[in-house]
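Hydrogens, waters and symmetry mates play no part in the numbers below; they use all other heavy atoms, side chains included. Chain identifiers are assigned alphabetically (A, B, ...) following the order of the sequence lines, protein sequences preceding nucleic acid strands; residue numbering begins at 1 within each chain.
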Amino acid sequence: GTLDDVKARGQLICGTNVGLTGFGAPDANGNYQGFDVALCKAVAAAVLGDASKVKFVPTTGETRFTALASGEVDVLIRNSTWTFSRDVDLKFDFVAVNYYDGQGFMVKKDLGVSSAKELDGATICIQTGTTTELNLADFFKANNMTYTPVTIADDAEGQRQYLAGACDAYTTDASGLAASRATMPDADNHIILPEIISKEPLGPLVRHGDNQWGDVIRWTYYALVAAEEYGVTSANIEEMANTTQNPEIKRLLGVEGDLGAMLGLDKDWGKRAIAASGNYGEIFEANIGSATPIKLARGLNALWTQGGLQYAPPFR
Amino acid sequence: MLIYDTRYRSITIQVVVLVLFLLFLSWLVNNTIANLALKDRTFDFAFLFARSGYDINQTLVDYTNDSSHLRAAYIGLLNTLLSALIGCALATVLGVTVGVLRLSRNWLISRLMTVYVEIFRNVPVLLWILLGAAILSEATPAPADYRVTEAMQAAGEAPKASMVLFDSVAITTRGINIPAPMVEHGLPRLELPGISLNSNLLVFFLVLGAGLYADHRIRAHARRVQEATGLRPVTWWKSLAVIFVPTIGLLMLMGFHLDYPVLKKFNFTGGIEVLHSFTALTFALAVYTAAFIAEIVRAGILAISRGQSEAAFALGLRPGRTMSLVILPQALRVIIPPLISQYLNLTKNTSLAIAVSYMDLRGTLGGVTLNQTGKELECMLLMMGIYLTISLTISSLMNLFNRAVKLKER
Amino acid sequence: MAEHAIDRSKMKVSDEVAIQITNMNKWYGQFHVLRDVNMTVQKGERIVICGPSGSGKSTLIRCINRLEEHQSGQILVDGTELTNDLKNIDKVRSEVGMVFQHFNLFPHLTILENCTLAPIWVRKVPKKEAEETAMHFLSKVKIPDQAHKYPGQLSGGQQQRVAIARSLCMKPRIMLFDEPTSALDPEMIKEVLDTMISLAEEGMTMLCVTHEMGFAQAVANRVIFMDKGQIVEQNEPRAFFNNPQSERTKLFLSQILGH
Amino acid sequence: MAEHAIDRSKMKVSDEVAIQITNMNKWYGQFHVLRDVNMTVQKGERIVICGPSGSGKSTLIRCINRLEEHQSGQILVDGTELTNDLKNIDKVRSEVGMVFQHFNLFPHLTILENCTLAPIWVRKVPKKEAEETAMHFLSKVKIPDQAHKYPGQLSGGQQQRVAIARSLCMKPRIMLFDEPTSALDPEMIKEVLDTMISLAEEGMTMLCVTHEMGFAQAVANRVIFMDKGQIVEQNEPRAFFNNPQSERTKLFLSQILGH
Amino acid sequence: MGEFTPFVRTEMLAPQAPPVSQRGAIRWLRENLFSGPLNTVLTLLGLAALLWVVSHLGPWLLHSVWNANSLTECREIIAATWGEGASGACWAMVRDRWHQYLFGFYPSPLYWRPTLAFALLFVAIAPVLYSQLPRKLLLLTAVYPALTFWLLWGGSIWVPVVAMMGFGVFAVVFRLAQPRFGVPVSAGLGAVATSLWWMFAQAPVAAVLQSIAPVTLTSVDSDQFGGFLLSVVIGVTAISASLPMGILLALGRKSDMLLVRTLSVGFIEFIRGVPLITLLFTASLLLQYFLPPGSDFDIILRVIILVTFFAAAYIAEVIRGGLAALPRGQYEAADALGLDYWQAQRLIIMPQALKISIPGIVSSFIGLFKDTTLVAFVGLNDPLKGITQIVRADINWKGIYWEPYLFAGSIFFLICFGMSRYSMWLERKLKTDHR
Ligand SMILES: Nc1ncnc2c1ncn2[C@@H]1O[C@H](COP(=O)(O)OP(=O)(O)OP(=O)(O)O)[C@@H](O)[C@H]1O
Ligand SMILES: Nc1ncnc2c1ncn2[C@@H]1O[C@H](COP(=O)(O)OP(=O)(O)OP(=O)(O)O)[C@@H](O)[C@H]1O
Ligand SMILES: [Mg+2]
Ligand SMILES: [Mg+2]
């Protein structure tokens, strides 16, 4: 299976985005940074013991699924929406949802629009090759409205077109909208409309049928979520491992039980995954959270204990 | 040995090549079948008839998101052809002008044209497309700038932007809105099995065609008169009359009027909107290709030796006549074959529409459809087939032309 | 050439002046290519111009029908002065025929079309009539049967004869020849020279740049020798060849007749 | 040519057969270009082939080294039959040299390289040796000093002599010449003919298509006259020129000697 | 007879200077700029256009900022220096990211490697272009591909060396077989031997050699290639690989064997008939179907292969033109001297045809080099769109637009313009070469 391939290769190949601020983009030194990238690193740390043993393969909206299907990448972590047809028809497995998103609209304040329902006849910028295109069509159809799409290739281009006034509204995942808005020189002049017109569960996906590998990704991700829930951070992880009395944490960190072997990994896998870039909360805050220029609120992505949807099944 | 006998040598080699080729083909097919099985995919084109579900912003014929993927591909193909056609026309006009001006004795102009040619030829066309799109959307006013609010009226302020060409054309960040031709007492659509035709357009073209034919007859007559008497009668006003009077009459009869664009809540509506993505793509391709065409034209004219024009002058022909009777007919033979291959290049380059997200064939069939259905093998093969058909059609026309105008030699 | 008995009696020279060149100078940029040329040509004269390469023979000929512009002095052709006036230029050009070294036939037109093009568009002759004239002159140069071929299908000698016929179709009063035989194979030279001789016999005014000395002796009534852009010597052929005056001419003749 | 006293005594004809052509026919598509040609060439013979244009002279010559394929009959060159067997063709070609009307030198190679190319690659002679041979033959055609120039820098006559030297470097037993002088200016013809004469004097078997009748009279020991793809008459030169038998030959000779 | 006086010039006239109206700046102006109403209008229009461009671009360029850490900072500096509302270019971005435009994500301590490879490129092509240089240098040209591969990708030196040995195997087999079997058969045998070598001997031999004499460079993955490094790698590889392929295709197209001709024509017309971008998508999307299951190789390599096909089809057409320009006599002379087909091609026909085709080949190369920007659409980091997209995703430079394009565009211009001038020069040089 893929797990053996990755181990044999000594490197994880992760399909990623190159142009989405906060989620996946290389910096001036060519190092990939971002929310999705951190998950790749966590997986590499879990499987190979070294968070840097990961190769990022840039994919576009068009090439991503082919890259995964053809085996060019081991896992695709590139804000891809989990949909029925992708899961079933395209023969992929979405293993978890690392970001709950929804499609929203951003408009300029002086347009005088306060609801997406008022957008009848508007021109709307939209990224091509994504589910947002279909959602938009469905939304306007359902509300018996018309619109003119302006298709664009990537987020930076969308933002430029929107700012230049080539469209009245820019629609994409709400997280993307927030990120764009945060970096605009006149952020106050733009509002994100309250309607979220779709569910966009974004998550990592692997090829259909390779359940062991799917499990590795899934549980590495849940390890990060669970770590946040139990207060395990990259800073206190060693201490926790030594001192904790919570059996669940013990199992998670490999102090007790042998969950790692069931996955085909060693028992420290969870500890390494968390140590790589911190727990889910830490990753969120470091890449897209309120302290970053992107300033996303946790919202749906808060832990279930805090009214959000992020919920890790029990480690036992 | 068969290989040493000139008669069998080539047959032997060909048989070997054929066997190798067939082996290669079957290897490819075999792999494909194996890969499809492995991925649990099928190879079929049924998806083309499923609902597409996405919208396209420039549709030359009816299309909604309820139409099929096939229809979407058709829309894309039409968009490709439209861009290619207009691009070729523009490139020709611009290229010929620049090519001729480059030969101008005016130092400044010929230098400027050289700079133009060199700059455009030596930079990737992708850059021109991207820059074109950026310039168009950055340098134009937003639709909101056209709005006159009550407050402004009260203060007597003018809006930031206003329409041009007698308030008929609005240039916005999105596109260029031009008036649309409309008729009041239109004829009903002509419903033929399979296709429905706009009979207004049909009638219009019929009348126009008749006018052109009449004009052709007038010229033929003029030529006969010239052959008989040596003097060519003046015909231009007759030509104008037979072409324009009936068509204008027809238009008036049908109640022709223009539908001007009007600013609605968000956008200009009414009229025809020419999208910037289309304009950017087409213009960028046109100016890029024009640089090549300019060189072709220049080389073509230079290829006609000075002796030809001198001989014509020595016979007493004026420069204008020399151009039209002696130089151009010869230069065209040299110019047209490379010109057509530039047309081919331009047509193929329209696939760069992807850079500005103009919904051409690649954008629909090879873009959204491929993405939404995941049928990459089918979509790509179909797309290649279509491009190949276009290219082969153009180049076989070129071969016909070449054969027709080939100089007779010993 | 000598085999052919030429009837010099027919070649009458009248008193009327066909071409009058006075103090003409021409520069190419800084290069003084024609220097103070003075020359009078009577109607019916047959003048051969010779001289070393680069001496300005072609330039002189080309100035006469304004393919080149002169910068000072005066050129009168049949009483019309060549100035920047387009009307004059047109007038002169339709009266002066020119035959080039490299024929310069129009390759995209048939022989007949080559010959009728100018009459139809310049002289406004009806097509039928133009074609009759053309066939007449084509017969004269002995290639009426090639009328519907294209120039590329003819041999060099035939092409040059077409070029002569093409000029004749404009019924010029003066013919200029610029080395009409030097691009031809030896066998073809004769065809063309024969044609030119028969033209001369009919009394056409001819200026001919050529190094065919046989031709010069047979038909010319004057030979002009040019060097460095000036006329160095002119004389009637016999005297010119047998008794050249200037040193420069002697040198030139020794070279040209020697080989 | 007559000026040059030719030593016919050296030109011995042996009894061995060099080329034997029997009942050979060739068609170009539907066109029957060579009709039942029979011919035997002894070693050391010098044969001149003449005839009107299009009579098949070039085709005959080209069949002999298989630049063209014949369709029936037999051609034996030095005992090797020309069939479809590539080995035989290679063998014959390396024994038969050919000189073309348009020289066909390789413009991208120097004269020396032109001459050594085939010996090195076909005969597998060491380069040094090939160069020595080449210089020897270049001296023989009197242009050793041009060895390092390119063909474009030589005059036509020189080029043709290089072409002859190039063929000789392969040490062929038979030389074929296809109108070797007809693309040359008159002055250069002599150079080439002289070279050919000296070859003849050395006893080379030669087949030469030419209309240089002086050459034929001087060196040929047989003249073959062809018309319409067939051999019409053959005879030794004196008899051929002074007393042609066939009407066709008489007509041809009258034309060719007349001008 | 006519009335003329025999005339003899006793003293020759000296040349004189042309009249004043024929000299000087005024004449130049009159002749070149204002020689007629039309020309005057054109001149004025040209001046107006020039003025317009300068007045629009001038201030923007004048207000350039070179030192800043983000676009916002740039804007602040411009506003501070030139007043609110002034616009200016923010070249600080180029300063910050130039290395990515040139090298992509190539590790910065290793920049010397691509730089060296690029410098060696000129040394390697020099002997091909200048026949005066010592022939020994051709040896470098021959090993250059292996050397570059090693420099760029790193790893064990033995991998490329053993791969090059494959060509050695070809040469040996070919030499041995050729006298007995002729060129086509021995070429086939050679190809088979070479493939066998690559398939079976490559890995073990390289491993053994590596263990005996380990020579290694830090290896760099091809996904770290980007910017102009990527363009040059794709461009140079594709053009050099496409040249032999183009020659074969051109010969195939001229062959008198119907089948060979049909296949060549089919290949050429197919490749020329579809846009490059669809071929690139084939590389990234379809090749996985056509290759045996499980075989998966580098996307850059796949792109290079398809770009090579693309270039080969165009070069085949260029060379066909060169072949057509050769007179038939050259073939006949080669035949008459007893050279066989391949000898004639190699020694007589190709050297001449290639020389004639040089301008066409260079312009194909320029076109190809420009077209390497299209690899952006399959997710590779080309200098124009790929890298720019990355830069614009950086929070510091989000919103920058013109500068990256102008920067990448001008480098392209310099390279392409340089190449086209060079080819013109070469053409002129080769033309005079023989006279
Ligand atoms: N367009 C031109 N520009 C500059 N110089 C020219 C031009 N045409 C001709 N010349 C020069 O003018 C001089 C005379 O040229 P012309 O052609 O009249 O000589 P020619 O006597 O006809 O020589 P030839 O016998 O070689 O034809 C030559 O030195 C030539 O180089
Ligand atoms: N490749 C060919 N295909 C068809 N017909 C040909 C071909 N080559 C020559 N011919 C014809 O064959 C005939 C003989 O040609 P060939 O060249 O042998 O004549 P020739 O006697 O050498 O004439 P010349 O003196 O003009 O060279 C001519 O009628 C010619 O048109
Ligand atoms: Mg001259
Ligand atoms: Mg012949």
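Between chain B and the options Lys385(E), Gln288(E), Glu269(E), Met419(E), heavy-atom pairs under 4.5 Å are most frequent for Gln288(E). Considering only heavy-atom pairs separated by less than 4.5 Å from chain E, the leading option among Ser104(B), Ser391(B), Pro124(B), Ser110(B) is Pro124(B). Per-residue counts of heavy-atom pairs under 4.5 Å with chain B were compared for Val260(E), Leu374(E), Leu291(E); the largest is that of Leu291(E). Across Leu258(E), Leu47(E), Leu279(E), Thr278(E), the residue that shares the most heavy-atom pairs under 4.5 angstrom with chain B is Thr278(E). Of the listed residues (Leu392(B), Leu131(B), Val16(B)), the greatest number of heavy-atom pairs within a distance under 4.5 Å of chain E belongs to Leu131(B). Of the residues considered (Thr373(E), Leu414(E), Ile411(E), Ile415(E)), Thr373(E) shows the highest number of contacts with chain B, using heavy-atom pairs under 4.5 Å. Counting heavy-atom pairs under 4.5 Å between each of Leu36(B), Leu377(B), Asn349(B), Val17(B) and chain E puts Leu377(B) at the top. Ranking Leu130(B), Leu18(B), Leu20(B) against chain E, the residue ahead of the rest is Leu130(B), based on heavy-atom pairs under 4.5 Å. Put simply, of Ala355(B), Ala134(B), Ser395(B), the one with the most heavy-atom pairs under 4.5 Å next to chain E is Ala134(B). Considering only heavy-atom pairs separated by less than 4.5 Å from chain B, the leading option among Phe290(E), Phe412(E), Phe369(E) is Phe290(E). The choice from Leu28(B), Leu112(B), Leu38(B), Ile354(B) that makes the most heavy-atom pairs within less than 4.5 Å of chain E is Ile354(B).
A salt bridge between Arg261(E) and Asp256(E) is absent, with no side-chain N of the basic residue lying under 4.0 Å from a carboxylate O of the acidic one.
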Steps toward side chain to side chain contact (heavy atoms under 4.5 Å, CB included) verdict (Ile299(E), Leu380(E)): CA-CA 9 Å; Ile299(E) 174 83; Leu380(E) 296 181; 4.0 Å; yes

Apply side chain to side chain contact (heavy atoms under 4.5 Å, CB included) to residues Ser83(B) and Asp360(B) and explain how you reach the verdict. CA-CA 9 Å; Ser83(B) 181; Asp360(B) 71 334; over 6 Å; no

List the steps and the verdict of side chain to side chain contact (heavy atoms under 4.5 Å, CB included) for Arg253(E) and Leu249(E). CA-CA 6 Å; Arg253(E) 196 168 184 166; Leu249(E) 282 173; over 6 Å; no

Mind running side chain to side chain contact (heavy atoms under 4.5 Å, CB included) on Ile386(B) and Leu361(B) for me, showing each step along the way? CA-CA 9 Å; Ile386(B) 295 175; Leu361(B) 183 63; 3.7 Å; yes

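With a 4.5 Å cut-off on non-hydrogen atoms, Leu42(E) touches chain B through its backbone and its side chain both. Both the backbone and the side chain of Phe281(E) come within less than 4.5 Å of a heavy atom of chain B. Using a 4.5 Å cut-off between heavy atoms, Ile135(B) contacts chain E through both its backbone and its side chain. Contact annotation for Met383(B): only side-chain heavy atoms (C-beta onward) come within less than 4.5 Å of a heavy atom of chain E. Within the 4.5 angstrom heavy-atom criterion, no atom of Thr388(E) approaches chain B. Contact annotation for Leu370(B): only side-chain heavy atoms (C-beta onward) come within less than 4.5 Å of a heavy atom of chain E. Neither the backbone nor the side chain of Arg111(B) comes within contact range of chain E; no heavy atoms are under 4.5 Å apart. When heavy atoms are compared at a cutoff of 4.5 Å, Phe413(E) approaches chain B by way of both its backbone and its side chain.
For an aromatic pair to be called close, the ring centres must be under 6.0 Å apart, and Phe407(E) with Tyr101(E) satisfies this. Trp60(E) and His56(E) have their aromatic ring centers separated by at least 6.0 angstrom. Aromatic pair Phe120(B)/Phe292(B): centroids not less than 6.0 angstrom apart.
In this structure, Leu136(B) and Thr140(B) approach most closely via the heavy-atom pair O-OG1, 2.6 Å.
Cation-pi check for Arg272(E) over Tyr314(E) is met; the charged atom lies under 6.0 angstrom from the ring centroid and within 45 degrees of its normal.
For Tyr116(B) and Arg121(B), the side-chain atoms include no donor-acceptor pair closer than 3.5 Å.
At a threshold of 4.5 Å between non-hydrogen side-chain atoms, the residues Thr282(E) and Met384(B) count as touching.
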